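Reading through the structure tokens given below for one structure.
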Amino acid sequence: MTDSKSPPLFRRAAPPTARAPIPAGQTNTAAVGPNGTLRLNKRMAELGLASRREADDWIAKGWVKVNGVVATMGMQVLPDVRIEIDKQAQGQQAKQVTVLVHKPIGLVSGQAEDGHLPAITLVQPQNRWAQDNARFFFHPSQLKSLVPAGRLDIDSTGLLVLTQDGRVARQLIGEDAVMEKEYLVRVVYNADQGASTSTGQLSRIDDDDPVSTDVQSVFPREKLALLRHGLNLDGQALQPAKVDWQNPEQLRFVLTEGKKRQIRRMCELVGLKVVGLKRVRIGKVMLGNLPLGQWRYLAPHEKF
């Protein structure tokens, strides 16, 4: 029988000591904590300092300070804290590149699929635009982690952004991203065509399309108004869009959302068939004179 005053044979292990939270008393590691706090990596992303993944990497390396104290992983902060980034992190970030590609029809935006090559295969020295004056030298290491910030359908052409920079990706395709994208869309009109199911294939002008020239003159104004606002896709109302005639056979769309094959499906709902689609702008960055199948670097002074 054990003496009640003697020490027990087994002691319960003491709970691990928690890291000192900064600010004091904030230990919740959720993205949004109590009393208006945020997880540090989320706050850094909101401020445009880094992507969340990048922020976590820097925090793990001790490259981030909050109010003068080295940050810890998962810590919560108030919005008004002072965040300092080590020069090593800034140097690493400065090496990240963003590339603009004029994607041809037949290439996919991301991973190779169904025998179709991805757009990143164009990013080689021989395809760099001769008039690109950005002061970057191509190196194969730049292809590492170079991913599309958004997609462009296989049967569409125009501006595609590939980036290593999580800040750019978040700006273009983050959960709270609202970025204008401008398209030139060549169409034909079938007045008898109602809502239809997309075939997923690039359409062509043929004898079944009664109006392929001067489409503007016969396309009803009320249907143009519907393209601007009033259509639904996948059971959801679409955000307002800017839609105007660029010329008698071509519409100009400006969207702030990007549902799958959105423009083609919108057009089908009002009797239009898309026979050519080209993206010419994302935010403030234009496709401009970049030749088809070539690429250039996003210059340091350019902002989306």
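Since this is a predicted model, take the numbers as computed values, not measurements. Values reported hereafter were calculated over all heavy atoms of this structure, with side chains retained and with hydrogens, waters and symmetry mates removed.
- Taking 4.0 Å as the cut-off between side-chain N and carboxylate O, Asp86 and Lys61 do not count as a salt-bridged pair.
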**OP:** Walk me through it: do Leu233 and Leu269 pass the test side-chain contact (heavy atoms from CB on, under 4.5 Å)?
**Re:** CA-CA 10 Å; Leu233 289 179; Leu269 291 174; 3.9 Å; yes
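- At a threshold of 4.5 Å between non-hydrogen side-chain atoms, the residues Asp244 and Arg228 count as touching.
- The shortest side-chain heavy-atom distance between Val187 and Trp245 falls under the 4.5 Å cut-off.
- With contacts defined as side-chain heavy-atom distances shorter than 4.5 Å, the pair Glu302/Met286 does not qualify.
- Of the inter-residue distances, the one linking Arg128 atom CZ with Trp295 atom CH2 reads 5.0 Å to the nearest 0.5 angstrom.
- Residues Pro248 and Asp214 approach most closely at CB-OD1, 3.5 Å, considering heavy atoms.
- Grouping the Ile, Leu, Val, Met, Phe, Trp and Tyr side chains by contacts below 4.5 angstrom, directly or via other members, places Ile263 with Leu224.
- Once rounded to the nearest 0.5 Å, the distance linking CD of Gln76 with CG of Leu40 reads 9.5 Å.
- No more than 12 heavy atoms of other residues, nucleotides or ligands shown are found within 6.0 angstrom of NZ on Lys242.
- Taking all atoms of both residues into account, the shortest heavy-atom contact from Pro118 to Gly110 is CB-O, 2.7 Å.
- In this structure, Glu268 does not pair ionically with Arg261, as no charged nitrogen and carboxylate oxygen lie closer than 4.0 Å.
- Here the OG atom belonging to Ser141 is positioned 10.5 Å from the CG atom belonging to Leu146, to the nearest 0.5 angstrom.
- With rounding to the nearest 0.5 angstrom, the CD1 atom of Ile282 is 8.5 Å from the CE atom of Met179.
- Residues Ile85 and Val64 are in side-chain contact: their nearest non-hydrogen atoms beyond the backbone lie under 4.5 Å apart.
- Relative orientation of the Tyr189 and Phe219 rings is perpendicular, given thresholds of 30° and 60° on the angle between their planes.
- Atom OG1 of residue Thr163 and atom CZ of residue Phe304 lie 7.5 Å apart, to the nearest 0.5 angstrom.
- Counting only heavy atoms from C-beta outward, the side chains of His102 and Pro291 never approach each other to under 4.5 Å.
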Original post:
Is there a side-chain contact (heavy atoms from CB on, under 4.5 Å) between Met75 and Arg43 once you walk through the steps?
Top reply: CA-CA 11 Å; Met75 66 179 290; Arg43 182 56 179 157; over 6 Å; no
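- The same ILVMFWY cluster, assembled from side-chain heavy atoms under 4.5 Å apart, contains both Leu49 and Trp63.
- Side-chain atoms of Thr256 never come within 3.5 Å of backbone atoms of Val178 as a donor-acceptor pair (strictly under, hydrogens ignored).
- Environment of CG in Asn289: sparse, with no more than 12 heavy atoms of neighbouring residues, nucleotides or ligands closer than 6.0 Å.
- Among all heavy-atom pairs drawn from His229 and Leu238, the shortest one is CD2-O, 3.6 Å.
- When side chains are defined from C-beta on, Val215 does not count as touching Leu251, because their heavy atoms never get closer than 4.5 Å.
- The line from OH of Tyr183 to CZ of Arg281 is 10.5 Å long, rounded to the nearest 0.5 Å.
- Asp56 has no carboxylate O lying under 4.0 Å from a charged side-chain N of Arg39, or vice versa, which leaves the two without a salt bridge.
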**OP:** Carefully, step by step, assess Arg151 and Ile173 under the rule side-chain contact (heavy atoms from CB on, under 4.5 Å).
**Re:** CA-CA 10 Å; Arg151 64 190 306 275; Ile173 58 174; over 6 Å; no
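- The two atoms that bring Leu143 and Ile120 nearest to each other are O-CD1, 4.0 Å, heavy atoms only.
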Subject >> Derivation of the side-chain contact (heavy atoms from CB on, under 4.5 Å) call for Leu162 and Val147 >> reply: CA-CA 5 Å; Leu162 305 176; Val147 296; over 6 Å; no
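- When hydrophobic clusters are built by joining Ile, Leu, Val, Met, Phe, Trp and Tyr residues whose side-chain heavy atoms come closer than 4.5 Å, directly or via intermediates, Ile83 is grouped together with Trp58.
- Inter-residue side-chain proximity for Leu298 and Val285 is flagged as met; some heavy-atom pair is nearer than 4.5 Å.
- Asp234 places no side-chain N or O within 3.5 Å of a backbone atom of Gln236 that could act as its donor or acceptor partner.
- Transitive grouping of hydrophobic side chains (ILVMFWY, heavy atoms separated by less than 4.5 Å) keeps Leu184 and Leu292 in distinct clusters.
- Under the 4.5 Å side-chain contact rule for hydrophobic residues, Leu227 and Val211 share a cluster.
- With salt bridges taken as basic N to acidic carboxylate O contacts below 4.0 Å, none links Asp153 and Lys260.
- With Glu249 contributing its side chain and Arg186 its backbone, the two residues share no donor-acceptor pair below 3.5 Å.
- Shortest non-hydrogen contact noted between Lys103 and Ser156 is NZ-O, 2.9 Å.
- Applying the 6.0 Å contact sphere to CD of Glu222 captures more than 12 heavy atoms from other residues, nucleotides or ligands.
- A salt bridge is absent between Glu84 and Lys65: the closest approach of a Lys/Arg side-chain nitrogen to an acidic carboxylate oxygen does not fall below 4.0 angstrom.
- Between Phe253 and Met266, the closest side-chain pair of non-hydrogen atoms falls below 4.5 Å.
- Closest approach of Pro104 and Leu122 over heavy atoms only: CD-CD1, 3.8 Å.
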**OP:** For the pair Gln124 and Asn127, evaluate side chain to side chain donor-acceptor pair (under 3.5 Å) and give the outcome as yes or no after the intermediate values.
**Re:** CA-CA 6 Å; Gln124 295 295 330; Asn127 296 325; over 6 Å; no
**OP:** I would like to know whether Tyr297 and Gln142 meet side chain to side chain donor-acceptor pair (under 3.5 Å); could you show each step before the answer?
**Re:** CA-CA 11 Å; Tyr297 291 105; Gln142 293 170 352; 2.5 Å; yes
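- Residue Lys278 qualifies as open at atom NZ: its count of foreign heavy atoms under 6.0 Å is 12 or below.
- Listed for the Asn190 side chain is no donor-acceptor partner under 3.5 Å among the backbone atoms of Gly271.
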